[in-house]
Amino acid sequence: MIRLQDITKSYSVNKQETRHALDRVSVTVESGDFLAIVGPSGSGKSTLLAIAGLLDAPTEGTVWIEGQDASRWSDSKRAEYRAQQCGFVFQFPSLIPTLNVMENVLLPKTMIGTFRPEDRRQAEQILEEVGLTAHRNSFPSQLSGGEQRRAALARALIQDPKILLADEPTGALDDRNAELIMGLLKGWNQRGKTILLVTHDRRLAKAGNRILRLMDGRTDESGEDDGHVF
Amino acid sequence: MNSLWIVAWRNIKRKSSRSAWLAGSAAIAALLLFVSYFFVFSMERSLKAGSQRLGADLLVVPKGVGDHAGDMIIAGKVSAFYMPETVVDRIEQIPEVEQVAPQLYLKTVSTVCCGTEGDFPVVAFDPQRDFTLKNWVAETSRTYDKYDVVIGSNAGGGNYLYHYDDAYSVQWVTLFGKEFLIRNVLFPTGMGTDDTIFMRLDAARELSGSKDLGLDIPKNQISVVLVKTQPGMDEFVKREIERMNLNVDVAKGSGLQEVVNHQIRPIKLFSYLMITVMIVMSGFQVMTIFSALVNERRKEIGMLRAMGAARVTAYRLLLAEAMLSGMIGSSFGALAGAALLYDNRALILKFITLPLVFPDWTSGLGIGLAVMLAVTGISVLAAFIPVNRILREQPYQSMREGEV
């Protein structure tokens, strides 16, 4: 379980001015949830996702993970949490350009030093699931946008994480690729994985069993008729 | 091999232009460092050789000429002073004496040496007892027949180069009406010795006395005895010789070493200064390049950390890349430096009129390895600063900044 309590994230614009990307946002994510975080550009969706995945630290507020205050964790413990519990997919190209698809997928294991030759079999299975078996030796520059996104999904799953954090995973993709990726996310959620999805697309947000709507860094409680609203 | 090193290696291999920048800067740094250190090493070596030769711990000369004991060595002035050869045997009997080498100053001769006309001081030496010239010769394995000579680096003029690199070259010089084969050449000493021709003592004595040949030296006489004592015993041996009443003056070799040191000091200081500047500059150069490269990879670094790489892991990966690039670049740089210097050593010795004794290949290899290690270390240290700056950020910040 992840509980974000009164999370504020501020940036200094200049000496006098401070901008709040998030302003006292609270949300609880239970195990097995599919939480869609929606809102317009600049509403703080991605920042919230980054804080939930311990990629960023809040200016104020507390991140509780399994009952522990993660704000107090050391860098190595945060890294260990990301490595073992989280998988990330981003909107921007996130594959390492000098490594081929297979190497990219295995990279999380390589980075934390747990790689074993039999992990290749697991990587093959995941690549088959995302439809990239034929591209295992291709480099990112040789893949289309949709294929790159699916390769990033495969990499996010290699550690068999409990939580998948996806930031606009279908952004800039055609309908066919977007549906393919959403189908994969739904499938994994049905298999017990917790999904945090950031999107500005209300149709995609409907895939989640819960929706968190943000507006100008705050929880928007104005009400929505197309799902649960926090 | 550790898989992190494999990833680092792949990053280097597949981003060839990026790696070439880094390796290239390391190569330039290594080349400059190698050349600078090579020259300093050569000078140090020549000083060491000088201390074994000029500073033969003691110089024994006839009574009254002690003040001019080093004139021939330093200024190339041949003075006619003699003392009985028995002095050598007497000095040799002192237990604290390790070696003695007599020399006989003959005269300055106008002749043609290797096609070069000039006035050359001629000195006779005993190859069996010599422990001085052998430290300066280009080819240490050669032996000397009766009518062979060793010439100083300048004595051969332009043809010196030819002798130096070609063991089979045959050049002759006419001295006192007799043809002598030039068997060896001395490294430059920066002193009078560079113009001197050394012939064997027995040959000099054989030619002496004939008025037609212009050489007239007293029988069984020598001009100087170079003495090597046991370590720290030079003062004791000096007093022992003086007590023997041999009618000689004894000069300590350290005085000559000081002269050489004095001559070479500004060049040494300059070289060390150059080396320091090289190290600092190459550090800044690598730091600047790596800073740019790391900035370019900011998003990638953020991604790696999102995947679970702790700061220390990211450090290891990026510093491994810096180390590999530095190692490859510095190897090429040191190799290029070595090739440049060794291939053109004769030319360098001709144009740089410094006392230089080039290191042999083993020492050259040692210098190359030291330079490689130094430049690799500098690369890693220089890379550490920009890497550290970026790794202090939160991963998300690196990813967002990297989008720009």
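Chain naming here is simple, since letters A, B, ... match the order of the sequence lines and numbering starts at 1 in each.
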task = Taking atom CZ of A:Phe139 as the centre, report whether more than 12 heavy atoms of other residues, nucleotides or ligands fall under 6.0 Å from it.
result = yes

key: Side-chain heavy-atom pair A:Arg82, B:Arg305 within 4.5 angstrom cut-off   = yes

ask   = Considering residues, nucleotides and ligands other than A:Arg120, do more than 12 of their heavy atoms fall under 6.0 Å from its CZ?
value = no

request  = Could you walk me through whether B:Leu304 and A:Leu107 pass the side chain to side chain contact (heavy atoms under 4.5 Å, CB included) test, one step at a time?
outcome  = CA-CA 8 Å; B:Leu304 292 175; A:Leu107 191 59; 3.5 Å; yes

Review item, side-chain donor-acceptor pairs of residues 150-162 of chain A, under 3.5 Å, at least two apart:
from	atom 1	to	atom 2	distance (Å)
A:Arg150	NH1	A:Val130	O	2.9
A:Arg155	NH1	A:Ser94	O	3.0
A:Arg155	NH1	A:Asn104	OD1	3.4
A:Arg155	NH2	A:Ser94	O	2.9
A:Arg155	NH2	A:Ser94	OG	3.3
A:Gln159	OE1	A:Lys109	NZ	3.1
A:Gln159	NE2	A:Ala83	O	3.4
A:Asp160	OD1	A:Lys193	NZ	2.7

message = Let's test your reading of the structure: which of A:Leu106, A:Thr98, A:Ile112, A:Leu165 forms the most heavy-atom pairs below 4.5 Å with chain B?
response = A:Thr98

key: side chain to side chain contact (heavy atoms under 4.5 Å, CB included) between B:Met303 and A:Phe88, worked out   = CA-CA 9 Å; B:Met303 284 307 309; A:Phe88 293 92; 5.8 Å; no

key: Interface residues of residues 42-74 of chain A facing chain B - heavy atom cut-off under 4.5 Å   = A:Ser46, A:Thr47, A:Ala50, A:Leu55, A:Asp56, A:Ala57

inquiry  = Can you give me the closest heavy-atom contact between B:Ala310 and A:Ala79, atom names plus distance?
reply    = CA-CB, 3.5 Å

message = Other residues, nucleotides and ligands only: do more than 12 of their heavy atoms fall within 6.0 Å of CD on A:Glu124?
response = yes

key: A:Ser76 and B:Arg311, any side-chain heavy atoms less than 4.5 Å apart   = no

query = Which bit of A:Tyr81 is near chain B, if near means a heavy-atom gap under 4.5 Å: side chain, backbone, both or neither?
reply = neither

Greater than 12 external heavy atoms within 6.0 Å of B:Phe284's CZ = no

